[in-house]
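Since the model is a prediction, treat every value here as computed from it, not as a measurement.
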Amino acid sequence: MSTSVSPLPIAVIGAGLAGLSCAQALLQAGHTVHVFDKSRGPSGRMSTRRAEDAAGPWQCDHGAQYFTARDPQFRAEVARWQQAGVAALWDARLSSFDGSAWTTPATPLERFVGTPRMTSPAGWLVQGLQQAGDRALAQWQTTVQKLERHADGWAITSAEHGPHAQRYSAVLLAVPAPQAVPLLHPVAPTGAAVAASARMRGSWAVMVRCPAPVALPWDGAFINTGPLRWVARDSSKPGRTTPAGTETWLLHASPEWSDAHIEDTADSVTATLLAAFQALGGPAPAQVQATAHRWRYADTEPALTLGYWWDTDVHLGMCGDWISGGKVEGAWLSGRSLARAVAG
């Protein structure tokens with residue numbers, strides 16, 4: 001990677017894995033990087049809900065459930081995460097259900113999770129940014145709404161802070177494709193068209209707290225019938241802690257069902273998915289506590305395979321799983337690839 005460095009910082013919009021991977025690589029190339037995210041912290045869809053109810057504190061991964069590592073670069077990164085204690089193998093008992101019969105996957109696949117929660121790798125990457133001192137800034141609860149190109153560099157405007165005084169040599173978007181379109185359309189129609197070509201789908205997730213262990217012979221199941229697509233015993237993942245005798249489960253609705261019911265109420269969605277869980281052998285809905293979360297942009301079907309998008313003339317770029325084949329690994333690789341293109 002080239003070490004030619006701009007005197008102006010580079011803005012990375014979005015602190016999911018793609019944005020953080022990109023920021024990490026840019027720092028390694030000697031750049032100054034400012035990361036912005038509309039949430040209260042990093043991780044994007046590698047997300048974990050943490051809360052407390054009558055039984056005590058609980059947590060549940062309600063976005064990405066696990067990740068695989070095939071590319072040598074990403075396998076090396078995951079090894080660093082494991083060494084740092086922020087990721088581990090999930091030796092889950094898995095099954096699949098087609099509506100009439102249960103089957104077990106024929107070929108075991110290494111599945112990793114963040115530890116002690118799925119947000120941990122992103123948190124570790126942010127620590128790396130913080131260790132870079134004044135060459136890195138991470139700013140939360142900052143919703144970027146407008147990009148403007150001036151003679152002295154790019155300017156951003158956010159909902160919370162209005163126009164920012166800082167100028168940037170480049171702006172890199174690591175956000176879901178539908179959120180990139182309105183930012184790019186006034187300043188880079190070609191990039192906006194790329195983002196608009198990606199069809200991102202929604203997903204409803206329901207986090208279930210069970211007062212007793214659930215007598216099912218698997219920890220994760222792919223469901224190919226009805227409203228559910230994935231069911232997991234979240235408390236079976238390494239590093240998780242739950243109140244004694246209890247379990248936490250995650251129910252993901254299928255993309256098709258989620259899109260058809262994306263504007264339904266959380267209560268209605270919860271009732272439907274808990275009933276489907278009970279039909280698979282889960283507990284009666286009245287016996288559990290449950291919380292729903294709506295992901296408007298959960299995955300892309302089909303995901304683009306460009307890897308990243310970079311306009312050398314105007315110094316705007318995009319990265320993310322949606323432009324790099326989908327999945328957590330695709331997000332990380334996309335961020336690294338965009339950083340290499342920027343560094344030249």
With heavy-atom distances below 4.5 Å as the criterion, would you say the side chains of [X] and [Y] are in contact?
| X | Y | answer |
| --- | --- | --- |
| Thr142 | His161 | yes |
| Leu251 | Val208 | yes |
| Val206 | Phe277 | no |
| Met118 | Val113 | yes |
| Pro9 | Gln166 | yes |

Are the side chain of [X] and the backbone of [Y] linked by a donor-acceptor contact shorter than 3.5 Å?
| X | Y | answer |
| --- | --- | --- |
| Thr246 | Thr242 | no |
| Asp37 | Ala15 | yes |
| Gln65 | Asp61 | yes |
| Ser21 | Gly335 | no |
| Ser235 | Thr248 | yes |
| Ser95 | Thr103 | yes |
| Ser334 | Gly330 | no |
| His252 | Arg229 | no |
| Glu329 | Phe67 | no |
| Thr270 | Ala266 | yes |

Minimum heavy-atom separation for [X] and [Y], please, with both atom names.
| X | Y | result |
| --- | --- | --- |
| Val214 | Gly281 | CG1-O, 4.2 Å |
| Ala88 | Pro238 | CB-CG, 3.9 Å |
| Ala292 | Met207 | C-CE, 4.3 Å |
| Cys22 | Cys319 | CB-SG, 4.4 Å |

Interatomic distance, [X] atom [atom1] to [Y] atom [atom2] [nearest 0.5 angstrom]:
| X | Y | atom1 | atom2 | value |
| --- | --- | --- | --- | --- |
| Ile156 | Leu147 | CD1 | CG | 8.0 Å |
| Arg336 | Ser324 | CZ | OG | 13.5 Å |
| Gln145 | Ile13 | CD | CD1 | 12.0 Å |
| Tyr66 | Leu94 | OH | CG | 7.0 Å |
| Leu228 | Leu280 | CG | CG | 6.0 Å |
| Trp90 | Phe112 | CH2 | CZ | 13.5 Å |

Listing, residues 301-311 side-chain donor-acceptor contacts under 3.5 Å, not counting sequence neighbours, or none:
| residue | atom | partner | partner atom | Å |
| --- | --- | --- | --- | --- |
| Trp310 | NE1 | Thr312 | OG1 | 3.4 |
| Asp311 | OD1 | Asp313 | N | 2.9 |
| Asp311 | OD1 | Val314 | N | 3.2 |

Can you name the residues that form a side chain to side chain contact (heavy atoms under 4.5 Å, CB included) with [X], not counting sequence neighbours?
| X | answer |
| --- | --- |
| Pro227 | Trp257, Thr272, Leu273, Ala276 |
| Ala284 | Gln278, Gln287 |
| Arg45 | Met200, Trp295, Asp321 |

With clusters defined by side-chain heavy atoms of hydrophobic residues (ILVMFWY) lying less than 4.5 Å apart, directly or transitively, does [Y] cluster with [X]?
| X | Y | value |
| --- | --- | --- |
| Leu250 | Trp58 | yes |
| Leu8 | Leu316 | no |
| Ile323 | Leu17 | no |
| Trp140 | Met46 | yes |
| Met318 | Val144 | yes |

Examine the side chains of Trp249 and Glu247 and answer whether a donor and an acceptor come within less than 3.5 Å of each other.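 The criterion, which ignores hydrogens and geometry beyond distance, is satisfied for Glu247 and Trp249.
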Taking CG in Asp91 as the centre, count heavy atoms belonging to other residues, nucleotides or ligands within less than 6.0 Å. Is the count above 12? no
Count the heavy atoms belonging to other residues, nucleotides or ligands that lie under 6.0 Å from CD of Glu52, then report whether that count exceeds 12. yes
Indicate every side-chain donor-acceptor pair of residues 171-198 with a distance under 3.5 Å to a residue at least two apart or in another chain.
| residue | atom | partner | partner atom | Å |
| --- | --- | --- | --- | --- |
| Ser197 | OG | Val194 | O | 2.6 |

Do [X] and [Y] sit within salt-bridge range, that is, some charged N less than 4.0 Å from a carboxylate O?
| X | Y | result |
| --- | --- | --- |
| Asp234 | Arg49 | no |
| Glu110 | Arg70 | no |
| Asp299 | Arg201 | yes |

Summary of salt bridge (Lys or Arg N to Asp or Glu O under 4.0 Å) pairs that have at least one residue in [range], sequence neighbours excluded:
| range | value |
| --- | --- |
| residues 266-283 | none |
| residues 153-167 | Asp152-Arg167 |
| residues 280-298 | Glu263-Arg294, Glu263-Arg296 |

For residues 205-219, which residue pairs pass the side-chain hydrogen bond (donor to acceptor under 3.5 Å, both in side chains) check, not counting sequence neighbours?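 Every side-chain hydrogen bond (donor to acceptor under 3.5 Å, both in side chains) pair that includes a residue of residues 205-219, provided the two are not neighbours, is Asp53-Arg209, Arg93-Asp219, Arg209-Thr291, Asp219-Arg233.
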Start with the C-alpha distance between Ser100 and Asp98, add both sets of side-chain angles, then the distance that settles side chain to side chain donor-acceptor pair (under 3.5 Å), and finish with yes or no. CA-CA 6 Å; Ser100 59; Asp98 64 5; 3.1 Å; yes
Applying ring pair (Phe, Tyr, Trp, His ring centres under 6.0 Å) as the test, list every pair that has at least one member in residues 322-344; sequence neighbours left out.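 Residue pairs passing ring pair (Phe, Tyr, Trp, His ring centres under 6.0 Å), neighbours aside: Phe74-Trp332.
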Start with the C-alpha distance between Thr157 and His164, add both sets of side-chain angles, then the distance that settles side chain to side chain donor-acceptor pair (under 3.5 Å), and finish with yes or no. CA-CA 6 Å; Thr157 298; His164 291 226; over 6 Å; no
Compile the donor-acceptor pairs under 3.5 Å between side chains in residues 120-138 and protein atoms, sequence neighbours left out, one pair per line.
| residue | atom | partner | partner atom | Å |
| --- | --- | --- | --- | --- |
| Ser120 | OG | Thr115 | O | 3.0 |
| Ser120 | OG | Arg117 | N | 3.4 |
| Ser120 | OG | Arg117 | O | 3.0 |
| Arg135 | NH1 | Leu27 | O | 3.3 |
| Arg135 | NH1 | His31 | O | 2.8 |
| Arg135 | NH2 | Leu27 | O | 3.4 |

Residues which pass ring-ring contact (aromatic ring centres under 6.0 Å, His included) with Tyr297, listed by chain and number, not counting sequence neighbours: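 ring-ring contact (aromatic ring centres under 6.0 Å, His included) check on Tyr297 returns nothing, list empty.
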Between Lys146 and Glu148, is the salt bridge (charged side-chain N to carboxylate O under 4.0 Å, His left out) condition met? List the steps. CA-CA 7 Å; Lys146 186 178 181 181; Glu148 293 178 288; 3.6 Å; yes
